[in-house]
Amino acid sequence: MPKVTLPDKSVIEVEPSTPAVEIARKISRSLAEESLAAKINGKVSDLNTPITADCELRFLTFEDPEGREVYWHSSSHLMAHAIQSLFPEAKFGVGPAIDDGFYYDIDIDKTLTPADLEAIENKMHEIGERNDAFQRKVIRKDDALKFFKEKKDPYKVEIISALDETITFYSEGDFTDLCRGPHVPSAGKLKYFKLLGTSGAYWRGDSKNKMLQRVYGVSFPKKKMLEDHLKMLEEAKLRDHRKLGRELELFAFHDIAPGAPFWLPKGMIIFRELEKFIREELDKLNYDEISTPMLVKKDLWEQSGHWGHYKENMFILDVDEETYSLKPMNCPESTYVYRHKVRSYRDLPLRYSEIGRLHRNEISGALGGMFRVRQITMDDAHIYCRPDQILSEINDLIGLIRRVYSLFHFEVSFKLSTKPDNAMGDPKLWEEAEAALAKALEQNGIKYGVKEKDGAFYGPKIDIQIKDALGRDWQVATIQLDFVMLPERFDLTYIDVDGRPKRPVAIHRAVFGSFERFVGIITEHFAGAFPTWLSPVQTAVLPITDNFNDYAASVVDALKKRGVRAELDDRNEKVGYKIREWETKKVPYMLIVGQKEKDSGTVSVRRHHEGDKGAQKLPDFIASVTKEIVEKN
RNA sequence: GCUGAAGUAGCUCAGCGGUAGAGCAGCGGUUUCGUAAACCGCAGGUCGUGGGUUCAAAUCCCACCUUCAGCUCCA
């Protein structure tokens, strides 16, 4: 009898060919109820897969990423089923689960409208209520081809023709689809869903192929989860940095400069605070700041290799019979600073930081608010070090990145990308470097993911992701080792102890990535209510009537003297009106002053979003707000 | 770049062949007020740009510009 090992290491014996789901039932009814699929010896399988031999078994629920994937994949089948019954002429492309839902690509003559989506959604409920089982069937290739040829579905025929492996169909009611699976046991498991929209997508992602309509949706086993998800999408819309940027007067876009923001005075305050902060951090870590030319001859890019691989993304212009380009990255030019004089092993590491503007000609369709711009300001740096210094440099960088991001209350995660197949450079150096990166992560107690073979051809890297207040992931910082592009192509050397020239290792790194994108991210993360140290206006002083304008002005004066960004609101308006306005501008503190405050030398403090905090002596308020600013709380 | 949608006052939007509209913001006045919108008045627009159809175009047609959603996540 097969022995089944469960995640808690307990072992149970079962009759041969017992479906996995029976084992779940034996454990508990709720487990059987919540399970979506079974992981048998590490392979995600249908819940009713018969257990025929000894195995390790784990049940997957919606809590597991793999469980969600099965759930969404099954949802996409249910959607296709609904589409087929409403539009029998529809042909189907692919319909996978994605990070936050699912889609199906369909080929149909009419353009689907929101009303159609609603009809499809209703049909899905109707079909779901029948609770038909998802049935798996292994099928011979020629039978599979015959089936879809008869169904006149050229996309499925194309997919099957290219398959060598075992071909399986899944049927659920009167809908049959080519599918590797696995699926939830029956359509009734799929309860709460919402179709979110449609878009065009080329068959196989190739613009030479026909464009299909992609229908996106999301589904959940509990009503509350769907509601929360939809609420989150709404919230994201409200927090859209393009809207907040305009309303809070941070930045603006104009047709005259596509893909480039105009930084408004208030946005520039945030920019400068971030810049000041990162410079202070880098000073502590013994970086040297440099600034290199923005307009350079193409020879530089020929030498670095960018001319061959990156030319389409560069702004190129002819000047005096020479071809120039606006720099799309800083790295090649930093080597000129390195090569300014002969370097000794004693000089290393050299840490060159550069906050400069870069120009990248992103294709027009890729532009989007601050997230994707053509003119970016990067907090870039290139560290030149000896191979034996890699570990300590990476340690410092990990520390820096964690320190910076914890300040913004972001959750940080790290991913190590290893040697790709097209790697260049000394294999031994690769090995040592990957080991150093892994060791640095481990020394810092970091659990990290590994992306096999995902490094650049010139070195392994660590990508840093952050999770914002809405649970969305952003790829921001990066730490990239480089043995080839800068050191080899620009023939960088240092004189080692033995008097011989050696190659340094270069480390490309950025913490914020680009200021534009980072400001966009934090605008949405904080929903425009920036922490006090970043707030363009830190306190607004509101006299109750113009009888107290003088006292209010003296309060503003006192704040400004202590470096607090304060504004006087002496407009002839009721205090309720002024409060409403400063609330919507998300200013952290409002100080309301009238007769009482003037007589007692106090201010009535109102905190954004929290309300009235009562009166405080002015010096006390100044002390607490300046403390908050200095500590960046 | 490709597919689709959109562009009217600073902002949000109505108007969709017949003299350009509202609310908010702005400006002037009245009011002097205690924790999220006082009242009255005024001003504000080459209807994205260029061309065409028409007696007449914000409105219909064509081209371009810009923005938005998507185009990577592969039975």
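These values consider heavy atoms only, across backbone and side chains, with no hydrogens, waters or symmetry-generated copies. Model, not experiment: these values are computed from the prediction. We name chains A, B, ... by the order of the sequence lines, and we start the count at 1 in each one.
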Strand partner of [N], provided both Watson-Crick or wobble distances fall under 3.5 Å:
N	value
B:A5	B:U67
B:C47	none
B:A22	B:U12
B:U54	none
B:C39	B:G29

Students often get this wrong, so: under 4.0 angstrom with heavy atoms, is [X] touching a base, only sugar-phosphate, or nothing?
X	result
A:Gln595	base
A:Ser161	nothing
A:Gly594	base
A:Glu573	base

Selected nucleotide, minimal atom distance to [X] side chain, candidates [options]:
X	options	answer
A:Arg204	B:A75, B:U32, B:C74	B:C74
A:Glu583	B:A75, B:G34, B:A36	B:A36
A:Val94	B:C33, B:U12, B:C74	B:C74
A:Ile579	B:U32, B:C73, B:A36	B:A36
A:Cys179	B:A38, B:A75, B:C73	B:A75
A:Ile592	B:C73, B:G34, B:A75	B:G34

Answer with yes or no whether the side chains of A:Glu567 and A:Trp582 bring together a donor and an acceptor at under 3.5 Å.
-> no

If I pick the [atom1] atom on [M] and the same atom on [N], what distance separates them, to the nearest angstrom?
N	M	atom1	answer
B:G44	B:A5	C1'	30 Å
B:U49	B:U59	P	11 Å
B:C24	B:U32	P	23 Å
B:C16	B:A6	C1'	15 Å
B:G45	B:C11	C1'	14 Å

Aromatic centroids of A:His77 and A:His81 separated by under 6.0 Å |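 No, ring centres 6.0 Å or more apart.
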
Please give, in whole Å, the distance from [N] [atom2] to [X] [atom1]?
X	N	atom1	atom2	value
A:Trp72	B:C74	CH2	C1'	18 Å
A:Asn549	B:U32	CG	P	15 Å
A:His73	B:C73	NE2	C1'	13 Å

Should we say atom CD of A:Glu411 is surrounded by more than 12 heavy atoms from elsewhere, each under 6.0 Å from it?
-> no

So with a 6.0 Å cut-off around CD of A:Glu118, is the heavy-atom count from everything else above 12?
-> no

If you measure from [atom1] on [X] to [atom2] on [Y], what distance do you get to the nearest 0.5 Å?
X	Y	atom1	atom2	result
A:Glu628	A:Thr532	CD	OG1	3.5 Å
A:Ile108	A:Gln84	CD1	CD	11.5 Å
A:Ile83	A:Lys123	CD1	NZ	12.5 Å

Ignoring hydrogens and angles, answer whether the base of B:U32 and the side-chain atoms of A:Asp546 contain a donor-acceptor pair closer than 3.5 Å.
->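 Indeed, a donor on one side and an acceptor on the other fall under 3.5 Å apart.
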
Flag the pair [X] and [Y] as a salt bridge only when some basic side-chain nitrogen lies within less than 4.0 angstrom of an acidic carboxylate oxygen.
X	Y	answer
A:Asp473	A:Lys467	yes
A:Glu234	A:Lys237	yes
A:Asp153	A:Lys91	no

Would you give a per-nucleotide map of nucleotides 62-70 of chain B, 5' to 3', where B means the base has a protein non-hydrogen atom under 4.0 Å away, S means only the sugar-phosphate does, and - means neither?
-> ----SSSSB

Taking side chain to side chain contact (heavy atoms under 4.5 Å, CB included) as the test, write out the residues that go with A:Ala552, two or more places apart.
->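 For A:Ala552 the side chain to side chain contact (heavy atoms under 4.5 Å, CB included) partners, ignoring immediate neighbours, are A:Val541, A:Pro543, A:Leu568, A:Val593.
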
Please work out which residues in residues 596-617 of chain A have a non-hydrogen atom less than 4.0 Å from an atom of RNA chain B and list them by number.
-> A:Lys596, A:Glu597, A:Ser604, A:Arg606, A:Asp612

